[in-house]
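Below is one structure, written out as C-alpha coordinates, with a few remarks after it.
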Amino acid sequence: MTIRDNLHVVVSGAAGFIGSHLCDRLLAENHSVVGIDNLLTGSLRNIAHLAGHQAFRFVQHDVTKPVHVDGAVDAVLHLASPASPKDYMRYPIETLDAGSAGTRNMLELARRWNARFLLASTSECYGDPLIHPQRETYWGHVNPVGPRSCYDESKRFAEALTMACHRVHGLRTNIARIFNTYGPRMQLDDGRVVPAFIDQALRGQPVTIFGDGSQTRSFCYASDLVDGLYRLMFSDERYPVNLGNPVEMTIREFAEHVCRLTGATCAVEHRPLPEDDPKKRRPDITKARTLLGWEPQVPLEEGLRLTIEYFRSL
Ligand SMILES: NC(=O)c1ccc[n+]([C@@H]2O[C@H](COP(=O)([O-])OP(=O)(O)OC[C@H]3O[C@@H](n4cnc5c(N)ncnc54)[C@H](O)[C@@H]3O)[C@@H](O)[C@H]2O)c1
(Lines give C-alpha, C1' and ligand atoms only; values in the text may rest on other atoms or scores of the structure.)
Protein backbone atom coordinates (compact mmCIF):
# COMPACT_ATOMS: atom_id res chain seq x y z
CA MET A 1 0.00 0.00 0.00
CA THR A 2 1.52 3.33 -1.03
CA ILE A 3 0.00 6.50 0.33
CA ARG A 4 1.00 9.67 -1.52
CA ASP A 5 0.51 13.09 -0.10
CA ASN A 6 -1.65 15.70 -1.74
CA LEU A 7 -4.01 13.65 -3.84
CA HIS A 8 -6.85 15.48 -5.56
CA VAL A 9 -9.90 13.57 -4.38
CA VAL A 10 -13.51 13.89 -5.53
CA VAL A 11 -16.08 12.69 -2.99
CA SER A 12 -19.74 12.30 -3.99
CA GLY A 13 -22.24 12.37 -1.13
CA ALA A 14 -19.89 14.77 0.67
CA ALA A 15 -22.66 16.52 2.63
CA GLY A 16 -23.95 13.22 3.98
CA PHE A 17 -23.18 11.50 7.24
CA ILE A 18 -20.26 9.26 6.16
CA GLY A 19 -19.16 11.49 3.25
CA SER A 20 -18.60 14.49 5.53
CA HIS A 21 -16.47 12.43 7.95
CA LEU A 22 -14.51 11.06 5.00
CA CYS A 23 -13.82 14.62 3.77
CA ASP A 24 -12.53 15.51 7.25
CA ARG A 25 -10.16 12.54 7.20
CA LEU A 26 -8.88 13.25 3.68
CA LEU A 27 -8.20 16.88 4.57
CA ALA A 28 -6.47 15.83 7.80
CA GLU A 29 -4.20 13.63 5.64
CA ASN A 30 -3.30 16.70 3.50
CA HIS A 31 -5.27 15.74 0.40
CA SER A 32 -7.44 18.27 -1.41
CA VAL A 33 -11.13 17.50 -1.76
CA VAL A 34 -13.91 18.46 -4.13
CA GLY A 35 -17.15 17.45 -2.42
CA ILE A 36 -20.19 16.89 -4.62
CA ASP A 37 -23.74 16.55 -3.32
CA ASN A 38 -27.25 17.40 -4.47
CA LEU A 39 -28.43 17.67 -0.83
CA LEU A 40 -31.23 15.13 -1.39
CA THR A 41 -30.66 13.50 2.00
CA GLY A 42 -27.53 15.34 3.17
CA SER A 43 -27.13 18.77 4.70
CA LEU A 44 -24.76 21.71 4.32
CA ARG A 45 -24.62 21.73 8.12
CA ASN A 46 -22.45 18.58 7.93
CA ILE A 47 -19.72 20.45 6.05
CA ALA A 48 -20.28 23.97 7.42
CA HIS A 49 -17.02 23.68 9.40
CA LEU A 50 -15.13 23.20 6.10
CA ALA A 51 -16.28 26.51 4.59
CA GLY A 52 -13.13 28.54 3.97
CA HIS A 53 -10.84 25.48 4.18
CA GLN A 54 -8.24 26.08 1.43
CA ALA A 55 -8.14 22.46 0.30
CA PHE A 56 -11.91 21.93 0.19
CA ARG A 57 -14.44 22.93 -2.44
CA PHE A 58 -18.13 22.08 -2.48
CA VAL A 59 -20.13 21.67 -5.67
CA GLN A 60 -23.89 21.23 -5.50
CA HIS A 61 -24.58 18.77 -8.30
CA ASP A 62 -26.62 15.67 -9.05
CA VAL A 63 -24.23 12.87 -10.03
CA THR A 64 -26.87 11.24 -12.22
CA LYS A 65 -25.92 14.06 -14.62
CA PRO A 66 -22.39 14.06 -16.16
CA VAL A 67 -19.72 15.14 -13.67
CA HIS A 68 -16.94 17.55 -14.62
CA VAL A 69 -14.40 18.89 -12.16
CA ASP A 70 -11.92 21.73 -12.69
CA GLY A 71 -8.34 20.59 -12.14
CA ALA A 72 -6.70 17.20 -11.83
CA VAL A 73 -8.36 14.18 -10.22
CA ASP A 74 -6.37 11.36 -8.58
CA ALA A 75 -9.17 9.55 -6.75
CA VAL A 76 -12.96 9.36 -7.04
CA LEU A 77 -14.91 8.15 -4.02
CA HIS A 78 -18.57 7.48 -4.81
CA LEU A 79 -20.85 7.65 -1.78
CA ALA A 80 -23.82 9.54 -3.23
CA SER A 81 -27.03 7.58 -2.63
CA PRO A 82 -29.97 7.72 -0.27
CA ALA A 83 -28.92 5.24 2.44
CA SER A 84 -31.52 4.85 5.17
CA PRO A 85 -34.59 2.68 4.51
CA LYS A 86 -36.82 5.69 5.12
CA ASP A 87 -34.91 7.72 2.52
CA TYR A 88 -34.61 5.08 -0.17
CA MET A 89 -38.23 4.02 0.14
CA ARG A 90 -39.22 7.67 -0.22
CA TYR A 91 -36.87 8.12 -3.20
CA PRO A 92 -36.75 4.69 -4.87
CA ILE A 93 -36.17 5.97 -8.39
CA GLU A 94 -33.52 8.49 -7.33
CA THR A 95 -31.82 5.65 -5.44
CA LEU A 96 -31.72 3.41 -8.50
CA ASP A 97 -30.45 6.36 -10.57
CA ALA A 98 -27.67 7.13 -8.05
CA GLY A 99 -26.46 3.52 -8.20
CA SER A 100 -26.72 3.23 -11.99
CA ALA A 101 -26.30 6.58 -13.82
CA GLY A 102 -24.54 8.11 -10.78
CA THR A 103 -22.00 5.29 -10.56
CA ARG A 104 -21.51 5.40 -14.34
CA ASN A 105 -20.76 9.14 -14.26
CA MET A 106 -18.35 8.85 -11.34
CA LEU A 107 -16.56 5.94 -13.05
CA GLU A 108 -16.36 8.01 -16.22
CA LEU A 109 -14.75 10.85 -14.26
CA ALA A 110 -12.19 8.39 -12.85
CA ARG A 111 -11.52 7.00 -16.33
CA ARG A 112 -10.93 10.46 -17.84
CA TRP A 113 -8.25 11.13 -15.25
CA ASN A 114 -6.94 7.58 -14.89
CA ALA A 115 -7.83 8.04 -11.22
CA ARG A 116 -8.53 5.36 -8.63
CA PHE A 117 -12.21 4.75 -7.84
CA LEU A 118 -13.94 3.55 -4.69
CA LEU A 119 -17.58 2.51 -4.48
CA ALA A 120 -19.45 2.73 -1.16
CA SER A 121 -21.53 -0.42 -1.42
CA THR A 122 -23.49 -2.06 1.35
CA SER A 123 -24.17 -5.17 3.38
CA GLU A 124 -27.68 -4.97 1.88
CA CYS A 125 -26.13 -6.76 -1.11
CA TYR A 126 -26.45 -9.86 1.11
CA GLY A 127 -30.21 -9.22 1.58
CA ASP A 128 -31.77 -11.33 4.34
CA PRO A 129 -28.73 -13.61 4.52
CA LEU A 130 -28.88 -17.39 4.68
CA ILE A 131 -25.29 -17.70 5.91
CA HIS A 132 -23.91 -16.09 9.02
CA PRO A 133 -21.69 -14.16 9.51
CA GLN A 134 -21.56 -12.73 6.00
CA ARG A 135 -18.39 -13.26 3.96
CA GLU A 136 -17.60 -11.43 0.73
CA THR A 137 -17.88 -14.71 -1.19
CA TYR A 138 -21.59 -15.04 -0.27
CA TRP A 139 -23.81 -14.00 -3.22
CA GLY A 140 -26.72 -12.92 -1.07
CA HIS A 141 -30.43 -13.55 -0.65
CA VAL A 142 -32.12 -10.47 -2.06
CA ASN A 143 -35.77 -9.98 -3.00
CA PRO A 144 -35.40 -8.19 -6.37
CA VAL A 145 -38.93 -6.75 -6.35
CA GLY A 146 -39.57 -5.99 -2.66
CA PRO A 147 -39.71 -2.48 -1.16
CA ARG A 148 -35.97 -2.55 -0.33
CA SER A 149 -34.96 -3.74 -3.80
CA CYS A 150 -34.44 -0.17 -5.06
CA TYR A 151 -31.44 0.09 -2.72
CA ASP A 152 -30.15 -3.49 -2.73
CA GLU A 153 -30.29 -3.88 -6.50
CA SER A 154 -28.95 -0.38 -7.11
CA LYS A 155 -25.83 -1.29 -5.12
CA ARG A 156 -25.54 -4.73 -6.70
CA PHE A 157 -25.70 -3.09 -10.13
CA ALA A 158 -23.13 -0.49 -9.01
CA GLU A 159 -20.77 -3.29 -7.94
CA ALA A 160 -21.22 -5.08 -11.29
CA LEU A 161 -20.60 -1.83 -13.20
CA THR A 162 -17.48 -1.11 -11.14
CA MET A 163 -16.07 -4.58 -11.87
CA ALA A 164 -16.92 -4.20 -15.57
CA CYS A 165 -15.04 -0.87 -15.76
CA HIS A 166 -12.08 -2.48 -14.03
CA ARG A 167 -12.12 -5.41 -16.45
CA VAL A 168 -12.72 -3.39 -19.62
CA HIS A 169 -10.73 -0.22 -18.91
CA GLY A 170 -8.23 -1.46 -16.31
CA LEU A 171 -9.47 1.10 -13.78
CA ARG A 172 -8.06 0.78 -10.25
CA THR A 173 -11.31 0.17 -8.43
CA ASN A 174 -12.28 -0.78 -4.88
CA ILE A 175 -15.63 -1.87 -3.48
CA ALA A 176 -16.45 -1.39 0.22
CA ARG A 177 -19.43 -3.36 1.55
CA ILE A 178 -20.35 -1.14 4.46
CA PHE A 179 -22.31 -2.55 7.40
CA ASN A 180 -24.42 -0.43 9.82
CA THR A 181 -22.44 2.65 10.74
CA TYR A 182 -23.38 5.31 13.28
CA GLY A 183 -22.08 8.54 14.77
CA PRO A 184 -22.54 12.30 14.84
CA ARG A 185 -24.14 13.90 11.72
CA MET A 186 -26.65 11.13 11.14
CA GLN A 187 -30.05 12.64 10.51
CA LEU A 188 -32.17 12.47 13.62
CA ASP A 189 -35.27 11.46 11.69
CA ASP A 190 -33.86 9.10 9.06
CA GLY A 191 -35.60 6.11 10.62
CA ARG A 192 -32.36 4.20 11.33
CA VAL A 193 -32.26 2.49 14.68
CA VAL A 194 -29.40 4.47 16.25
CA PRO A 195 -30.83 8.01 15.88
CA ALA A 196 -34.38 6.71 16.41
CA PHE A 197 -33.59 5.11 19.80
CA ILE A 198 -31.44 8.04 20.95
CA ASP A 199 -34.10 10.56 19.95
CA GLN A 200 -36.87 8.63 21.71
CA ALA A 201 -34.76 8.09 24.84
CA LEU A 202 -33.77 11.78 25.03
CA ARG A 203 -37.41 12.82 24.69
CA GLY A 204 -38.51 10.33 27.33
CA GLN A 205 -40.69 8.49 24.80
CA PRO A 206 -41.00 4.71 24.50
CA VAL A 207 -38.39 3.18 22.15
CA THR A 208 -39.95 1.53 19.12
CA ILE A 209 -38.78 -2.03 18.50
CA PHE A 210 -39.86 -3.73 15.30
CA GLY A 211 -40.76 -7.38 15.87
CA ASP A 212 -39.71 -8.95 19.16
CA GLY A 213 -36.25 -7.34 19.07
CA SER A 214 -34.37 -10.62 18.68
CA GLN A 215 -33.05 -9.64 15.23
CA THR A 216 -29.35 -8.84 15.37
CA ARG A 217 -27.23 -5.98 14.09
CA SER A 218 -23.65 -4.81 14.54
CA PHE A 219 -22.70 -1.16 14.74
CA CYS A 220 -19.51 0.47 13.49
CA TYR A 221 -18.48 3.93 14.66
CA ALA A 222 -18.00 6.50 11.87
CA SER A 223 -14.26 7.13 12.44
CA ASP A 224 -13.54 3.39 12.29
CA LEU A 225 -15.48 3.01 9.06
CA VAL A 226 -13.76 6.02 7.50
CA ASP A 227 -10.36 4.56 8.45
CA GLY A 228 -11.35 1.36 6.64
CA LEU A 229 -12.42 3.31 3.53
CA TYR A 230 -9.18 5.28 3.61
CA ARG A 231 -7.05 2.14 3.76
CA LEU A 232 -9.13 0.41 1.11
CA MET A 233 -8.74 3.22 -1.43
CA PHE A 234 -5.00 2.53 -1.57
CA SER A 235 -5.30 -1.24 -1.80
CA ASP A 236 -5.02 -3.37 -4.92
CA GLU A 237 -7.99 -5.53 -3.96
CA ARG A 238 -10.62 -5.24 -6.69
CA TYR A 239 -13.28 -7.52 -5.19
CA PRO A 240 -15.61 -6.33 -2.39
CA VAL A 241 -14.30 -5.94 1.15
CA ASN A 242 -16.63 -5.95 4.18
CA LEU A 243 -16.20 -3.00 6.54
CA GLY A 244 -18.19 -3.12 9.74
CA ASN A 245 -18.04 -4.04 13.38
CA PRO A 246 -18.27 -7.78 14.06
CA VAL A 247 -19.66 -7.29 17.59
CA GLU A 248 -23.26 -8.48 17.18
CA MET A 249 -26.18 -7.82 19.48
CA THR A 250 -29.93 -8.06 19.43
CA ILE A 251 -31.95 -4.91 18.87
CA ARG A 252 -33.37 -5.40 22.35
CA GLU A 253 -29.85 -5.36 23.87
CA PHE A 254 -28.98 -2.32 21.80
CA ALA A 255 -32.06 -0.47 23.12
CA GLU A 256 -30.93 -1.27 26.68
CA HIS A 257 -27.47 0.28 25.99
CA VAL A 258 -29.04 3.46 24.61
CA CYS A 259 -31.41 3.79 27.57
CA ARG A 260 -28.61 3.25 30.11
CA LEU A 261 -26.27 5.76 28.44
CA THR A 262 -28.91 8.47 28.03
CA GLY A 263 -30.01 7.91 31.64
CA ALA A 264 -33.58 7.34 30.48
CA THR A 265 -36.01 4.82 31.87
CA CYS A 266 -37.36 3.53 28.63
CA ALA A 267 -40.67 1.85 27.97
CA VAL A 268 -40.71 -0.28 24.85
CA GLU A 269 -43.32 -0.19 22.09
CA HIS A 270 -43.39 -3.12 19.65
CA ARG A 271 -44.42 -2.74 16.00
CA PRO A 272 -44.61 -5.34 13.20
CA LEU A 273 -41.35 -6.19 11.40
CA PRO A 274 -41.01 -4.38 8.05
CA GLU A 275 -41.07 -6.55 4.90
CA ASP A 276 -37.72 -8.23 4.06
CA ASP A 277 -36.07 -6.91 7.23
CA PRO A 278 -32.85 -8.94 7.70
CA LYS A 279 -32.98 -11.12 10.82
CA LYS A 280 -29.25 -11.38 11.28
CA ARG A 281 -26.42 -9.12 10.28
CA ARG A 282 -22.75 -9.44 11.17
CA PRO A 283 -19.73 -8.93 8.95
CA ASP A 284 -16.93 -11.41 8.67
CA ILE A 285 -14.02 -8.94 8.50
CA THR A 286 -11.21 -11.48 8.06
CA LYS A 287 -10.49 -10.04 4.61
CA ALA A 288 -10.21 -6.42 5.85
CA ARG A 289 -8.06 -7.56 8.79
CA THR A 290 -5.70 -9.48 6.52
CA LEU A 291 -5.53 -7.11 3.55
CA LEU A 292 -5.81 -3.73 5.22
CA GLY A 293 -4.69 -4.44 8.79
CA TRP A 294 -8.03 -2.87 9.75
CA GLU A 295 -10.48 -3.54 12.51
CA PRO A 296 -12.78 -1.28 14.51
CA GLN A 297 -11.19 0.43 17.52
CA VAL A 298 -14.05 2.40 19.10
CA PRO A 299 -16.09 0.42 21.64
CA LEU A 300 -19.88 0.75 21.37
CA GLU A 301 -20.11 2.51 24.73
CA GLU A 302 -17.67 5.25 23.68
CA GLY A 303 -19.18 5.67 20.21
CA LEU A 304 -22.68 5.88 21.64
CA ARG A 305 -21.62 8.50 24.21
CA LEU A 306 -20.19 10.70 21.43
CA THR A 307 -23.31 10.23 19.31
CA ILE A 308 -25.68 10.96 22.20
CA GLU A 309 -23.66 14.11 22.98
CA TYR A 310 -24.06 15.22 19.37
CA PHE A 311 -27.83 14.67 19.33
CA ARG A 312 -28.16 16.44 22.69
CA SER A 313 -26.34 19.45 21.24
CA LEU A 314 -28.78 19.80 18.33
N1 LIG B 1 -24.59 4.67 7.08
C2 LIG B 1 -24.56 3.36 6.91
O3 LIG B 1 -24.76 2.60 7.87
C4 LIG B 1 -24.26 2.77 5.54
C5 LIG B 1 -24.26 1.38 5.43
C6 LIG B 1 -24.00 0.81 4.18
C7 LIG B 1 -23.69 1.62 3.10
N8 LIG B 1 -23.69 2.97 3.23
C9 LIG B 1 -23.41 3.78 2.02
O10 LIG B 1 -22.57 4.86 2.33
C11 LIG B 1 -22.93 6.01 1.56
C12 LIG B 1 -23.20 7.19 2.47
O13 LIG B 1 -24.28 6.87 3.35
P14 LIG B 1 -24.73 7.85 4.53
O15 LIG B 1 -25.16 7.01 5.64
O16 LIG B 1 -23.67 8.88 4.73
O17 LIG B 1 -26.03 8.49 3.88
P18 LIG B 1 -26.47 10.03 3.72
O19 LIG B 1 -27.84 10.04 3.20
O20 LIG B 1 -26.16 10.77 4.95
O21 LIG B 1 -25.44 10.51 2.60
C22 LIG B 1 -25.65 10.29 1.22
C23 LIG B 1 -25.40 11.61 0.51
O24 LIG B 1 -25.55 11.42 -0.91
C25 LIG B 1 -26.24 12.56 -1.43
N26 LIG B 1 -26.86 12.17 -2.70
C27 LIG B 1 -27.87 11.27 -2.89
N28 LIG B 1 -28.16 11.18 -4.20
C29 LIG B 1 -27.31 12.03 -4.86
C30 LIG B 1 -27.11 12.38 -6.22
N31 LIG B 1 -27.85 11.85 -7.20
N32 LIG B 1 -26.15 13.30 -6.51
C33 LIG B 1 -25.41 13.86 -5.55
N34 LIG B 1 -25.55 13.56 -4.23
C35 LIG B 1 -26.50 12.65 -3.90
C36 LIG B 1 -27.23 12.94 -0.35
O37 LIG B 1 -27.70 14.25 -0.45
C38 LIG B 1 -26.39 12.71 0.91
O39 LIG B 1 -25.69 13.85 1.30
C40 LIG B 1 -24.15 5.60 0.73
O41 LIG B 1 -23.72 5.25 -0.57
C42 LIG B 1 -24.68 4.39 1.46
O43 LIG B 1 -25.34 3.52 0.59
C44 LIG B 1 -23.99 3.55 4.43
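Keep in mind it's a predicted model, so treat the numbers as computed, not measured. Just follow the structure's listing: the first ligand is 1, and inside any ligand the first atom is 1.
- Within the structure, every pair that satisfies the salt bridge (Lys or Arg N to Asp or Glu O under 4.0 Å) test and touches residues 98-108, not counting sequence neighbours, is listed here: Glu108-Arg111.
- By the ring pair (Phe, Tyr, Trp, His ring centres under 6.0 Å) test, His21 is found to be paired with Phe17, residues two or more places apart in sequence or in another chain being considered.
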Tabulation required: pairs of a nitrogen or oxygen in ligand 1 and a protein nitrogen or oxygen under 3.5 Å; columns are atom names and distance to 0.1 Å; otherwise 'none'.
from, atom 1, to, atom 2, distance (Å)
ligand 1, 1 (N), Arg192, NH1, 2.8
ligand 1, 3 (O), Thr181, N, 2.8
ligand 1, 15 (O), Arg192, NH1, 3.2
ligand 1, 15 (O), Arg192, NH2, 3.1
ligand 1, 16 (O), Phe17, N, 3.3
ligand 1, 16 (O), Ile18, N, 2.8
ligand 1, 19 (O), Thr41, OG1, 2.7
ligand 1, 20 (O), Phe17, N, 2.9
ligand 1, 24 (O), Ser81, N, 3.4
ligand 1, 26 (N), Asn38, OD1, 3.4
ligand 1, 31 (N), Asp62, OD1, 2.9
ligand 1, 32 (N), Val63, N, 3.0
ligand 1, 34 (N), Asn38, N, 3.2
ligand 1, 34 (N), Asn38, OD1, 3.1
ligand 1, 37 (O), Asp37, OD1, 2.6
ligand 1, 37 (O), Leu40, N, 2.9
ligand 1, 37 (O), Thr41, N, 3.0
ligand 1, 37 (O), Gly42, N, 3.0
ligand 1, 39 (O), Gly16, N, 3.1
ligand 1, 39 (O), Asp37, OD1, 3.2
ligand 1, 39 (O), Asp37, OD2, 2.5
ligand 1, 39 (O), Gly42, N, 3.2
ligand 1, 41 (O), Leu79, O, 2.8
ligand 1, 41 (O), Lys155, NZ, 2.7
ligand 1, 43 (O), Tyr151, OH, 2.5
ligand 1, 43 (O), Lys155, NZ, 3.1

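- The closest side-chain donor-acceptor pair between Asn242 and Tyr138, if any, does not fall under 3.5 angstrom.
- Using a 4.0 Å cut-off between charged nitrogen and carboxylate oxygen, Arg177 and Glu159 count as a salt-bridge pair.
- Listed by chain and number, the residues in a ring pair (Phe, Tyr, Trp, His ring centres under 6.0 Å) with Tyr182 are Tyr221 (sequence neighbours excluded).
- Considering only heavy atoms from C-beta on, Asp277 comes within 4.5 Å of Gln215 through its side chain.
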